[in-house]
Every structure is written in C-alpha cells, then in structure tokens.
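Below: one structure, written as structure tokens.
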Protein chains: 2
Amino acid sequence: MAVSEAAAKSGEARERLLQAAERCFVASGFHGARMAQIAKEARMSPGHIYHYFESKEQIIAEMVRAHVDEKQAMLESYERAGGRAVELMVENLEESVDSSTDPFWSALMLEMTAEATRNPAIASILRATDEEMKGRVLACLSEAVDADDLETRLELLIALFQGIGIRNILNPGLDKAAAVRLVRGVVEHLFPKSGSAAAESPRAPNKR
Amino acid sequence: MAVSEAAAKSGEARERLLQAAERCFVASGFHGARMAQIAKEARMSPGHIYHYFESKEQIIAEMVRAHVDEKQAMLESYERAGGRAVELMVENLEESVDSSTDPFWSALMLEMTAEATRNPAIASILRATDEEMKGRVLACLSEAVDADDLETRLELLIALFQGIGIRNILNPGLDKAAAVRLVRGVVEHLFPKSGSAAAESPRAPNKR
DNA sequence: GGAGATAGAATAAACGTTCGCTCTAATCAA
DNA sequence: TTGATTAGAGCGAACGTTTATTCTATCTCC
C-alpha cells in the first residue's frame, strides 16, 4: 500500500494540475494563461509544475489529447447501433446540442482550433482524431443512409454542431429548443433513410 | 495639397500597419504576435507604432471593427433584393462558401471569437454587429419566407457557414463543390418559399 | 527653423523556466 | 527497534530572456 499510495497522490496532483490548467486556458487562452496562475489554481508552486510536465507546450498538448480521446469514447454507441445510426443521432440530438453549446467546451474547442492554425503539433493531434472519427462514423452511416456525397454530408453536420457552439458564444440567447427541432429536420434532410426517395440528387428543382 | 499629402501619407502608413498586424495575428494569434514582429512586417520601428495606436489592445479592437464593418456592407444587396432574398442567397452560395473557407478569414474569425470569450471589449464589438446584421437580414427574410422560428433558422444558417470555415481548417480537403450543392438543399429546407407547403411545422413525421 | 515623421536605444515589468533547498515517508542494515 | 539512506514531493526565490511601451535624438519637408 505504501508505494501505490505515493503513486496515487502523485497521479492525483498531476490530474489536479491538468484541470487547473484547463480552467486557466479557458479563462485566458493558451498564451494568455500564466504558469503562475496555473500553479495557484492547482495549489502548488510554479516550480513544481515542472515535476510533471516539461513545458507549458506539453501541458497544452496533453490536455488536447485527453479531450479528443474522451470524444472518441462516445463513438462506440453509434457503432453498436449499426443500421440505426441515424435514428440514434436524431434521438440524441438534444444532448448533442447541449454539449455543443456548453460554454466551457466550446471555448476550449475554439482555443484548440485556433492554436491548430499555427501550431503544427496541435494541428496533427486534432486532424488525426478527426479523420479517424469521421471514418468510423462514415462506416456506420453508409449502412443506414442511401445518398451520394456521404462524407460531405457528414462534414456539414459536424460543421453545423461546431457552428452552433460558436453561435452560442456570440448569442447566448439562442433558442435551444427551437434549434433542436430545426436541426432534426436538417439531419433528416441530409441523411435520408435507406430506400427512401427524395434525396438522391440534391440539385434542387429550381431554374439555372 | 501639402497638408492632405502628409495626411495621406500618414494614413497610408497607418493602413499598412493595420494590415501588417492582421497578418501577424493570423500567423501567431493576438497574444502570440509581438510588437517587434508587427513593426518589422509594416517596415517601421517598434516605437513608431505608438504614433498611430495607443496600445496593442487598440490595434486588435480597431482591426476587429474594420472587419465587421466590411461584412456589413455586403448586407445592402440583400436589402435591395426584398422578397427575393432567399433566391439571392442560393445564387450566391458558392461565393459565400468560398469566403467562409478562406483560410485567412476563418483563422481571423476564430481568433476574434476566441478573444471575445475572454475580452469583454472585443465581445461587445462582435455582439453588437452580430445583432444588427441579424436584425436586418431577418427583416428581409420575413418578407420572403413563410415559417416560424425564423430567427433560429437564421442562426443555424450562420452556424453552418462558420462551421464550414472551421471544418476547412481541420480538413482542407473538404469537397467544396459538393458542399455548395448540399448547403443549397439545406438552405431551401430551412427557408421554404412563401406560399410553399411542406415546412411550416418542422416536427418530423416520425414516431415519438 | 519648426513640426511632424521616424528610428532605435532604453526601461521596467512580466514571463517561463531553473535551481537549491526542505520535508516526508519508505526501505534497509544492524 | 532503531538509525541511516534514499527518493521524490514540494517550495519559492532567482535567472535570463522577452515584452510592450517610453524616451530621446535625428531626419525631412515646408
């Protein structure tokens, strides 16, 4: 019990540090957050941070990785749903919108994406996960949906959710209930059930 | 001609500085960009920046304001379109997607929004413009579209465009032609023509 | 020669990181 | 059961660098 107790304590401190850093990053941005601030938030000395992490950069990278891993876990329920993937999506829509509009999460996502535009290390973490997740979702959807451009359809869905998160920052008064109702319509428009008509070719029946 | 020439020269230098700052902000972020870097990019000494701006903060604010003003100008064509607003939107879709996916613009938008989550001055600039633009677009749409929750529909459209910009950062291989085609369908789904059926109540005809 | 444009050194604060130290607790020798 | 040894948690002052900003001097037209 002796050794494991120390290890547990050490692990607990490291975790506390990561969560403190996360709060600071959301409050001040990756570059605005100061090591001293993070140390204070984690209730440890600035110097001691370097027992757990080599640099601020490494804290950022590890935090990003932890979050994308967490999102991946969510995927498994869709894979189990097989051909019922779209139905599952529609059923869970309210939850999805809620998690998209969580201010903490959307601020963090924003910060991570902004960092990815200039920090190749962060970009590659984000891109790799993104690609893997998209591939797995695509595999589910291709069983359930009968439409061309399936990958682009999925892109638009992700775009919509990420966009809703951003909109909620600029306009916190967003009517979420109405949004859920309308997104449902959009999802059913983008992912028509297999065997259904009315959506194979989305070139609209208007002139030109 | 003497005074105006000097003023023009001064104005030119200020403009050059703003554009240099913009490039630096995109490359390094608001907090990552250094005054020395901006000065070098604008081909002037670091100290001279303070002839034109009181602080870095003020440069950021002014740049944000310039960009939102520019976007507002685009609005007028929609107001002139009156009841044909949706048609105009559909016709200009390719252009809209192109401008959303411009890496420079989307990175800047990302940076501005991230900054807005923690800097109240930036947040209020962004929010004020956002609200005004939304109001004006809504006025056009209410003539042309027959649907409830019109404001939320517009929110979703904006969300979709902003989201596409972000997606393009994480996945530059996005098929834009397909995206345009699909977005067209979504727009027509969200904004059914006045007098058209099939969209008054978006509660989908599925069980539960 | 005078006023604004411009440069570039100077400044002072703030930053991430390092370093030397203490303290606690576990392990081991006797 | 002790006393010595070791390992790592933890502290906080100090370091060297970098930063935004200020200051002073020079230059350029009128």
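Reminder, nothing fancy here: chain letters follow the sequence lines and each chain counts from 1. These numbers come from the heavy atoms of this one structure, side chains and all, not from hydrogens, waters or symmetry mates.
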**Study point:** Whole-Å gap separating P (C:dT18) and OH (A:Y52)
**Key:** 17 Å

Study note, to complete from the structure: Which of C:dG16, C:dA7, D:dA20 is nearest the side chain of B:M44? It is C:dA7

Practice item. Identify the two heavy atoms, one from A:A20 and one from A:E41, that lie closest to each other, and give their separation to 0.1 Å. Key: CB-CG, 3.6 Å

Review point. With sugar-phosphate meaning primed atoms plus P, OP1 and OP2, does A:A33 contact a base, only sugar-phosphate, or nothing at under 4.0 Å between heavy atoms?
Key: sugar-phosphate

Review point. Tell me: CZ of A:F53 to C1' of C:dT17, nearest whole Å?
Key: 16 Å

Review point. Quick one: is the NZ or CZ of A:R14 closer than 6.0 Å to the six-membered ring centre of A:F53, and within 45° of its axis?
Key: yes

Check your understanding: Of the nucleotides D:dT21, C:dT17, D:dG10, which one has an atom closest to the side chain of A:A13?
Key -> D:dG10

Revision key, fill the gap. Note: for A:H48 and A:K56 on DNA chain C, the residue whose nearest nucleotide lies more 5' is A:K56

Check your understanding: Taking the side chain of A:M35 as heavy atoms from C-beta outward, which of C:dT17, D:dG10, C:dT6 is closest to it?
Key -> C:dT17

Check your understanding: Hey, is CD on B:E95 packed in by over 12 heavy atoms from elsewhere, all under 6.0 Å?
Key -> no

Point to revise | A:E54 CD - C:dG16 C1' separation (whole Å) | key: 14 Å

Review point. Can B:R65 and B:E70 be counted as an ion pair, charged N to O under 4.0 angstrom?
Key: no

Review point. Atom CZ of A:R14 and atom C1' of D:dG10: how far apart are they, to the nearest Å?
Key: 16 Å

**Study point:** Rounded distance in Å - OH (A:Y50) to C1' (C:dC21)
**Key:** 19 Å

Review point. Please give, in whole Å, the distance from C:dC15 P to A:I38 CD1?
Key: 12 Å

**Study point:** Spacing between A:L17 atom CG and D:dA9 atom C1', to the nearest angstrom
**Key:** 13 Å

**Study point:** Test: A:K134 and A:E155 ion pair at under 4.0 Å
**Key:** yes

Check your understanding: Side chain of A:H51, base of D:dG10: donor and acceptor closer than 3.5 Å?
Key -> yes

Exercise for review: Taking only the side-chain nitrogens and oxygens of A:S45, find out if one of them lies under 4.0 Å from OP1 or OP2 of D:dC11.
Suggested key: yes

Revision key, fill the gap. Winner on side-chain proximity to A:S55, out of D:dA9, C:dT6, C:dT17, is C:dT17

Exercise for review: Check the distance between D:dT21's C1' and B:I59's CD1 and give it to me in whole angstrom.
Suggested key: 12 Å

